[in-house]
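Accompanying notes for the structure given below.
Model, not experiment: these values are computed from the prediction. Computed over heavy atoms, backbone and side chain alike; hydrogens, waters and symmetry mates excluded. Just follow the structure's listing: the first ligand is 1, and inside any ligand the first atom is 1.
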Amino acid sequence: MRKLTQNELHLYEEQGYVVLKDFFPKSEMNVMNEEINLLEQSGTLPPPKVSDHEGFIFELAMLSDKTRMFASDDRILNVLEDIVYPGISIYSSKLVSKLPYSETVCHWHQDDAYYHKVGESKVRMSIWVPLTDATLENGCIWVVPQSHKLGLQSFQAKDYGTCRLALVEDQVDLSPAIPLELEAGNLVLFSAMLWHSSKGNQTDQTRRAFIVSYQEATILKGNGRQWTILRPAEQ
Ligand SMILES: O=C(O)CCC(=O)C(=O)O
């Protein structure tokens, strides 16, 4: 089964993220989209609403067998093995939908601004999986390469948009920011310290991403009941 190459690992360490193209067959992304449609239709997923978490569905990996199996898929864990250790556990999982013509931005932030409360981790990170193609027009993710190296920065609570524990923008250099336009089935791995954001969706189609955050199995807590050890730390 595929592992990270030395080059991919180097990129992740240097840039704070790495894109693995064509990681999942598009047919699998279609199956996951169908599953989410079904969950929405059955009322298992709350209807998307305008709030500070517009388009977010939390605990996605707990909502069905298919979503649970996806978050613990060995293909993912095998590429994480050189990044997340000792052992691998789930910190949290969610669906982030950008609704058609939504102007909601996700502010520039670091995931660890939220996550660090459960314990300091040197390896905490997320996978960002576009279930639909993510483009500039529909609100793809933006990142600042190498920003993870600066550690946890000051943040301030915003009163609009999502990802409200936002970096203090006049204290950080966002000029190197780049968009990650990605096809469904690509996989992005990024550090919980990486500065990232997303803009609104100017199209008539929903943009969906399945996001799972992982950390070492030796931190015995994650985001509530989502915390699950997938690969124990070796004794
Ligand atoms: O998928 C997005 O638009 C960004 C979501 C995000 O960065 C987050 O939830 O931490």
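Here Arg75 pairs with Glu28 in a salt bridge; the nearest charged N to carboxylate O distance falls below 4.0 Å.
Identified under the salt bridge (charged side-chain N to carboxylate O under 4.0 Å, His left out) test for residues 101-122, with sequence neighbours left out: Asp112-Arg124.
There is no side-chain donor-acceptor pair under 3.5 Å between Thr132 and Gln205.
Between Tyr160 and His107, the ring planes lie perpendicular to each other; the angle is over 60°, past the 30° to 60° tilted range.
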Identify all side-chain donor-acceptor contacts of residues 217-225 below 3.5 Å with residues at least two apart in sequence or on another chain.
from   : atom 1 : to    : atom 2 : distance (Å)
Arg225 : NE     : Glu59 : OE1    : 3.3
Arg225 : NE     : Glu59 : OE2    : 3.3
Arg225 : NH2    : Glu59 : OE1    : 2.6

Contacts under 3.5 angstrom, residues 14-27 side chains, donor-acceptor by atom type, not counting sequence neighbours:
from  : atom 1 : to     : atom 2 : distance (Å)
Glu14 : OE1    : Lys149 : NZ     : 2.9
Lys26 : NZ     : Glu183 : OE1    : 2.9
Lys26 : NZ     : Ala184 : O      : 3.4

Close N/O pairs between ligand 1 and protein, under 3.5 Å:
from     : atom 1 : to     : atom 2 : distance (Å)
ligand 1 : 1 (O)  : Trp128 : NE1    : 3.0
ligand 1 : 1 (O)  : Arg207 : NH2    : 2.8
ligand 1 : 3 (O)  : Ser198 : OG     : 2.6
ligand 1 : 3 (O)  : Arg207 : NH1    : 2.9
ligand 1 : 3 (O)  : Arg207 : NH2    : 3.3
ligand 1 : 7 (O)  : His109 : NE2    : 3.4
ligand 1 : 7 (O)  : His196 : NE2    : 3.0
ligand 1 : 9 (O)  : Lys94  : NZ     : 2.8
ligand 1 : 10 (O) : His109 : NE2    : 2.9
ligand 1 : 10 (O) : Asp111 : OD1    : 3.0

